[in-house]
Number of protein chains: 2
Amino acid sequence: MSTPGRGLHGHVLGTLGPAITAGEYPAGSVLRTDELAQHFEVSRSVMREAVRVLESMHLVESRRRVGVTVLPKCEWNVYDPQVIRWRLAGADRPHQLRSLTVLRSAIEPVAAGLTAANATAEQCAELTECALGMVANSRGHKLEAYLIHDIAFHRVILTASGNEMFARLGDVVAEVLAGRTHHEVMFEDPDPAAVTLHVQVAEAVREGDATRAEQLTREITVGALQELDILVPKS
Amino acid sequence: MSTPGRGLHGHVLGTLGPAITAGEYPAGSVLRTDELAQHFEVSRSVMREAVRVLESMHLVESRRRVGVTVLPKCEWNVYDPQVIRWRLAGADRPHQLRSLTVLRSAIEPVAAGLTAANATAEQCAELTECALGMVANSRGHKLEAYLIHDIAFHRVILTASGNEMFARLGDVVAEVLAGRTHHEVMFEDPDPAAVTLHVQVAEAVREGDATRAEQLTREITVGALQELDILVPKS
DNA sequence: AGGAACAAAAAGTCAGACTTATTTGTCACA
DNA sequence: TGTGACAAATAAGTCTGACTTTTTGTTCCT
């Protein structure tokens, strides 16, 4: 599941990071490096490295004579994959899931449009293959196989868009989709309408129809948002 | 301009980070901590902390018996504000600027729609104020004052959307807008059509018309993309 | 009350010794 | 010739202790 974190320093991060993102230490809390080092039973060098990483994520700020101050949520680097993972694993998972799904609803349609304009023949083929895989596993409670193709589909869309910022969201989307299957309840087979939409997006991309690809993808993300409204309580 | 980086460790980062993101060390290059420490005339502890931070940005990977390996661009945490700043300051500034503008074109319209639905009275007022400030400085080569209001406008849109992922892009948008004014050439006053659009967006938000706010913002970002196509050479 | 000098606290820095994992090379054996 | 195990080399990882620097809060003097 989550990376255990290589090295002592990684282990400390894997404990302290989730604790902070979970709000265990409220913003403004002050920690001392030495105490943390004692608590985790590591040397100060190791502790300092961990603090440096947390600082680079803007989760904390280290100041002389003061200590390590926990920063307010609005300062956090919420796009850091590690931070995303920590938050998804923690208490405000529902909230985070909603934020990310809204983000998807903004990004993916535009990405699909670009993909329709830029995709290579191979990428088109790959996309079609993914869509077919989704169809093949859309009935009979083969959710796991379906998920794999679903993730691959969206990853291709984001990568083939040719925009590096979009491409880098592949992991995030994967995490959101996987979360839906694994954590949130999914009794039935996936929505047939959604499956059809994916096939149609692949079609539109093959035909280079950017407008249609964008519009269809927008429908997919709207569906995802509606599904989320049903599955997780809206705050 | 760019943060000098507090502490020795920050100074090292401020030199090594830009060098890596500029592609000075091609992907796969191997560096050794000891050599780097000597080169920068700092202790190994300091150097290690810097490497840890670069590692958390996925710019490099540190492995025993091997050294510090530079990772390929596709692994980088391109949403890290620091990485964005380094890249904007470096050689592939045009490419980065285009990526970010496309990102804006995906995010901002959706954010504006949400803002129209969620904005408080204060936020509406603030938005209108920004738009008026833009109008007031749209003629007579008062680019600097115009820029301030432009940045504030988009920051309000992103913040008032209520989505933390959108809100966190405020700094990025600010950097892009500032770059347009400061680095790229801007002979004339801003495009009058763009100014009008901003005013209209503020109107739509006040009226709670999400669809119109989204559509108008889309027109703004389309304009920004076209402007970019003119100002910087498309690769 | 205002300001300057002082003391304490915590992060920052450094140097050196030691540990551990990983790679690479070697040598024997099949 | 190829393949296995074993040994050596190497660079990161870890720990410790001493020292420096900056910031904050206090105290004392005017």
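Since we're looking at a predicted model, the values are computed, not measured. So that the names make sense, note that chain A is the first sequence line, chain B the second, and so on, each numbered from 1.
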Give a yes or no answer on whether the side chain of Asn118(A) reaches the backbone of Leu114(A) with a donor-acceptor pair at less than 3.5 Å. yes

Which atom of Val51(B) lies closest to which atom of Val60(B), heavy atoms considered: O-CG2, 4.1 Å

For the pair Thr159(B) (side chain) and Val156(B) (backbone), establish whether a donor and an acceptor sit closer than 3.5 Å, ignoring hydrogens and angles. no

Under a 3.5 Å distance rule, please check whether Glu49(A) uses its side chain to pair with a backbone N or O of Arg52(B) as donor and acceptor. no

Report the end-to-end axis angle of the helix from dA1(C)-dT30(D) to dA30(C)-dT1(D); each axis comes from five terminal pairs, and the value is rounded to 10°. 20°

His11(A) NE2 to dT14(D) P, straight-line distance once rounded to whole Å: 12 Å

So if I define the base as every atom that isn't primed, P, OP1 or OP2, how would nucleotides 4-14 of chain C read as a B/S/- string at a heavy-atom cutoff under 4.0 Å? ----BBBBBBB

Quick one: ring-ring contact (aromatic ring centres under 6.0 Å, His included) pairs with a partner in residues 45-91 of chain B, sequence neighbours left out? Tyr79(A)-Tyr79(B)

Side chain of Arg87(B), backbone of Pro18(B): donor and acceptor closer than 3.5 Å? no

Arg6(B) to His9(B) - nearest heavy-atom pair and separation: O-ND1, 4.0 Å

Under 3.5 Å, is there a donor-acceptor pair linking the side chains of Ser99(A) and Glu164(B)? yes

